[in-house]
Amino acid sequence: MKRMLFILFLMGQLLLALDAYAEADLTLLVYLCGSDLQEAACEDIYEMGSAETGDHVNTVILAGGCSEWDFEEIEGNTRNLITLRDGYFESITDWEWASMGSEESLLEFLEYGLTMYPAKRTAVVLWDHGAGSEAGLCFDDTTEDQDGLSLLEINNVLYDLDKDLGGFHIDLFGCDACMMATYEMAAMLSYYSIDYFIASEETEPDIGWAYTAWLESFARHPEMTTETLCNRIIDSFMEAGLKEDPDDVLTMSAISLKDMDPLQEAMEVFGGILQSELKQGNVAEVSRGRSQMYTFGSFWDASWDMVDLGAMLDVYAKFDERKAADARRALSKTVIASRQTANLNPCSGLSVLIPQDTKNEFMSYYDGVDLSFYMPNWIGFVKMYAGQVTEGSHTFAQTTPQVVTGTGFFSQLASHLPGSSGALNWNSATETYEETAPTTPAPAITTTGKNEYAFSAVISKEDLKYLDYVEGMLMMDLSDEEMFGYLDLGLMQNNVINWDTGEIYSLFDGTWPILDDQLVPMYDQISNAYGRRSLIPVKLNGEYTYLVVEIKAGETEGRILGTNAGYDDNGLPIRNTTKLKKGDRIVPVYTMYYSFDDEDEELSDTEFDGDEIIWEDGLRVTFEDLSDEEDEKLEMMFCFVLNDVFGGYDMTDPISFEI
């Protein structure tokens with residue numbers, strides 16, 4: 001009854017306001033959850049208000065979700081209904097507090113905006129943190145549990161909206177938030193009268209969409225098609241993002257929702273194929289394929305498990321090349337525009353959820369992404385896969401590596417290993433998969449040190465069934481008469497598996513990252529043909545974070561791009577890499593494993609700080625030969641980290657060597 005009275009009230013208000021707003025070419029409805037991003041939110045409100053759009057555009061914002069705002073006119077701990085017009089607040093109304101992460105709040109705003117501000121076209125934007133299909137977006141900081149909108153809740157809102165208004169139409173639905181260009185979101189939206197969807201596969205910087213640029217472009221040319229408007233939004237986003245940070249990792253794409261049916265049909269078929277692989281006991285091969293996929297928004301130890309849909313199809317095409325090609329062709333037709341920075345592998349425009357880092361939490365968030373009434377086979381595969389990798393486990397037999405020192409190992413390895421059978425690569429021009437010629441594994445880094453170190457071990461055929469990938473862990477031996485101590489320096493890049501014999505290799509050229517004359521641990525965030533983006537744990541002015549380092553392919557120095565802590569206290573991705581300022585105090589952070597008793601089976605661990613470094617422009621990370629660092633030889637330790645297909649790992653026995 002209350003909802004019906006509200007609709008009747010809106011209809012009455014509409015009759016009073018119809019003359020004033022009927023001529024608008026576009027109504028922009030922005031559902032803006034400020035959370036801990038309110039400063040960036042205020043900047044975007046300023047951008048929207050600064051756009052000279054005249055009577056062409058109605059800009060209507062519902063701002064809430066935080067306790068205070070930089071704009072004095074906007075109240076904290078409540079919801080503010082704002083209308084903007086050519087550089088000023090036309091009106092601000094207190095809508096009383098409600099969680100911005102609730103279905104009721106979003107539904108109330110959409111019903112109001114669509115009823116009170118009719119226009120030739122309507123665009124809806126959800127603004128805040130985003131966490132992909134797993135957790136959705138719009139996380140209200142004024143609630144105890146950071147209440148957010150899941151994909152299922154957004155679906156419920158649209159269902160009720162259609163029922164309450166007797167039908168609705170939205171020309172453009174966008175997410176100005178991280179990692180929301182997902183297949184699950186697009187598939188759900190396609191069941192409603194919505195033409196286009198626009199969002200980013202990757203994280204977004206704080207500046208988000210460039211509202212002034214595309215709103216003014218539309219106001220100058222209101223006759224432009226909605227597809228053209230999508231391209232304006234994407235181009236202005238990329239231009240503004242790269243101007244703000246030329247080294248950023250950016251994507252944005254536009255999806256034609258009316259063309260989603262063939263993709264959904266193909267994905268349902270392919271989801272069934274992947275379920276069959278799991279039912280036949282092939283979880284190991286599916287899991288190994290998942291590990292080959294880059295995860296958007298990933299930090300070295302965490303992610304929200306969104307992978308590129310095109311990359312997923314390419315990796316799993318070996319299970320059914322023809323059906324994967326069907327899905328690839330359908331994908332290319334529904335993604336009408338897509339742009340990305342060159343430091344990423346090619347992105348198709350849509351991501352998809354395949355749990356890996358979050359597999360143990362999958363059932364806790366499953367209800368929010370359970371759209372199985374739209375995509376039963378795909379959601380069924382995801383649920384089955386998460387269940388199998390969560391329930392499975394394996395313990396590798398203990399083994400001790402061997403080490404050989406000399407030169408030429410990097411080139412010798414190529415002749416020793418069997419060639420691969422070739423991979424299936426998608427040719428977008430011919431829209432077919434093509435098998436590449438068989439190749440021999442090659443080391444990831446060119447040797448620059450005086451000596452080379454080859455570590456090897458052999459694992460059994462039984463262990464090989466459950467092996468996903470190997471890593472080489474390097475430690476410095478700091479043991480003395482009182483204790484055994486080993487300094488963790490991180491993981492090495494040149495690791496190879498001979499799947500025929502069970503032999504595993506890790507190659508080390510004797511060089512390691514040095515920051516201002518200090519050895520530092522470093523972990524890869526992104527590694528591809530462009531180069532590597534790596535992380536060094538540090539304290540910046542007393543606060544824990546990571547230095548973000550870019551090492552371009554073929555270079556032996558790393559440029560420090562800034563700092564990023566990865567994920568905030570609520571587990572949401574931090575959108576910006578913060579630039580360092582002259583005088584910033586940087587202290588490398590190390591992990592040491594230790595024991596005071598040589599009979600202890602397990603080592604304890606502790607952190608300690610390195611020497612303070614004062615930031616100055618031009619400081620770089622260099623790879624230097626460790627044999628040049630000391631007059632005396634360095635005592636080092638090495639072990640393999642054996643990662644299994646269920647997400648667990650075991651370490652081999654460590655082996656000592658000298659540099």
Side-chain angles (χ1 to χ4, degrees), residues 273-293 315-320 354-357 359-360 362 381-404 409 412-423 438-441 443-444 454-475 491-508 601-603 637-656:
I273 291 167
L274 293 177
Q275 284 193 57
S276 296
E277 293 294 330
L278 295 177
K279 290 174 181 177
Q280 294 168 24
N282 205 10
V283 64
E285 198 64 22
V286 176
S287 179
R288 291 187 190 109
R290 171 62 181 85
S291 294
Q292 296 175 35
M293 304 172 198
V315 169
Y316 290 152
K318 60 187 175 184
F319 297 130
D320 193 315
I354 305 181
Q356 187 177 57
D357 291 334
K359 61 184 175 61
N360 293 325
F362 177 76
F381 156 68
V382 172
K383 185 177 182 181
M384 186 183 297
Y385 174 71
Q388 290 194 14
V389 294
T390 301
E391 294 167 4
S393 64
H394 182 73
T395 300
F396 292 99
Q398 196 59 275
T399 184
T400 302
Q402 304 295 314
V403 60
V404 180
F409 294 128
Q412 292 173 22
L413 184 63
S415 61
H416 182 65
L417 290 174
S420 70
S421 60
T439 58
T440 301
F455 303 94
S456 64
V458 179
I459 63 174
S460 68
K461 289 185 177 180
E462 182 64 19
D463 281 341
L464 201 61
K465 293 178 185 177
Y466 298 99
L467 182 65
D468 188 351
Y469 60 97
V470 300
E471 297 168 301
M473 184 176 181
L474 188 67
M475 295 170 282
L491 302 172
M492 299 196 294
Q493 304 304 310
N494 293 288
N495 307 295
V496 181
I497 302 169
N498 187 326
W499 293 100
D500 292 340
T501 64
E503 295 169 289
I504 57 176
Y505 303 89
S506 188
L507 302 180
F508 175 48
E601 292 185 4
E602 292 189 8
L603 298 174
M637 301 284 288
F638 170 88
C639 72
F640 282 107
V641 181
L642 308 176
N643 295 273
D644 66 50
V645 296
F646 304 113
Y649 68 91
D650 290 307
M651 294 181 179
T652 65
D653 293 329
I655 185 173
S656 300

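For the single chain, residues carry numbers from 1 onward in sequence order. What you see is a predicted model, and the numbers here were worked out from it, not measured in a lab.
- Between the side chains of H394 and D463, at least one donor-acceptor pair of N or O atoms lies under 3.5 Å.
- N495 places no side-chain N or O within 3.5 Å of a backbone atom of E471 that could act as its donor or acceptor partner.
- Between E277 and Y385, every side-chain heavy-atom pair lies at or beyond the 4.5 Å cut-off.
- You'll find the side chain of V286 reaches within 4.5 Å of the side chain of Y316, heavy atoms only.
- Inter-residue side-chain proximity for V382 and F362 is flagged as met; some heavy-atom pair is nearer than 4.5 Å.
- S456 and Y505 make their closest contact through CB-CD2, 4.0 Å (heavy atoms, listed as atom of the first residue, atom of the second, distance).
- Annotation: the span from I497 atom CD1 to I459 atom CD1 amounts to 7.0 Å, rounded to 0.5 Å.
- Atom CZ of F319 sits in a crowded spot, with more than 12 heavy atoms from other residues, nucleotides or ligands closer than 6.0 Å.
- Between the side chain of T390 and the main chain of A386, a donor-acceptor pair closer than 3.5 Å is present.
- F396 is listed as a side-chain neighbour of L467, based on a closest heavy-atom distance under 4.5 Å.
- With K359 contributing its side chain and Q388 its backbone, the two residues share no donor-acceptor pair below 3.5 Å.
- Going from atom CG of N643 over to atom OH of Y649 covers 9.0 Å, rounded to the nearest 0.5 Å.
- The side-chain heavy atoms of K318 and E285, taken from C-beta on, include a pair separated by under 4.5 Å.
- Nearest heavy atoms, V645 versus S287: O-OG, 2.6 Å.
- Formation of a donor-acceptor pair under 3.5 Å by the N498 side chain with backbone atoms of G502 is not found in this model.
- A donor-acceptor contact under 3.5 angstrom links the side chains of E503 and T501, judged on distance only.
- Using modelled atom types, no side-chain atom of D644 and backbone atom of Y466 make a donor-acceptor pair closer than 3.5 Å.
- For the pair T400 and T652, the minimum side-chain heavy-atom distance is 4.5 Å or more.
- In plain terms, the two heavy atoms of L464 and W499 that are nearest each other are CD2-O, 3.2 Å.
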Q398 vs D653, side chain to side chain contact (heavy atoms under 4.5 Å, CB included): CA-CA, chis, key distance, verdict: CA-CA 7 Å; Q398 196 59 275; D653 293 329; 3.3 Å; yes

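- Using a 4.5 Å cut-off on side-chain heavy atoms (C-beta onward), P401 and F638 make contact.
- A donor-acceptor pair is defined here as one N or O able to donate and one able to accept, closer than 3.5 Å; no such pair exists between the side chain of N282 and the backbone of K279.
- Side chains of M637 and I655 form no contact here, defined as non-hydrogen atoms less than 4.5 Å apart.
- For the pair F508 and F455, the tightest heavy-atom approach, listed with the atom from each and the gap, is CB-CE1, 4.0 Å.
- Without hydrogens or angle criteria, R288 side chain to V283 main chain gives no donor-acceptor distance under 3.5 Å.
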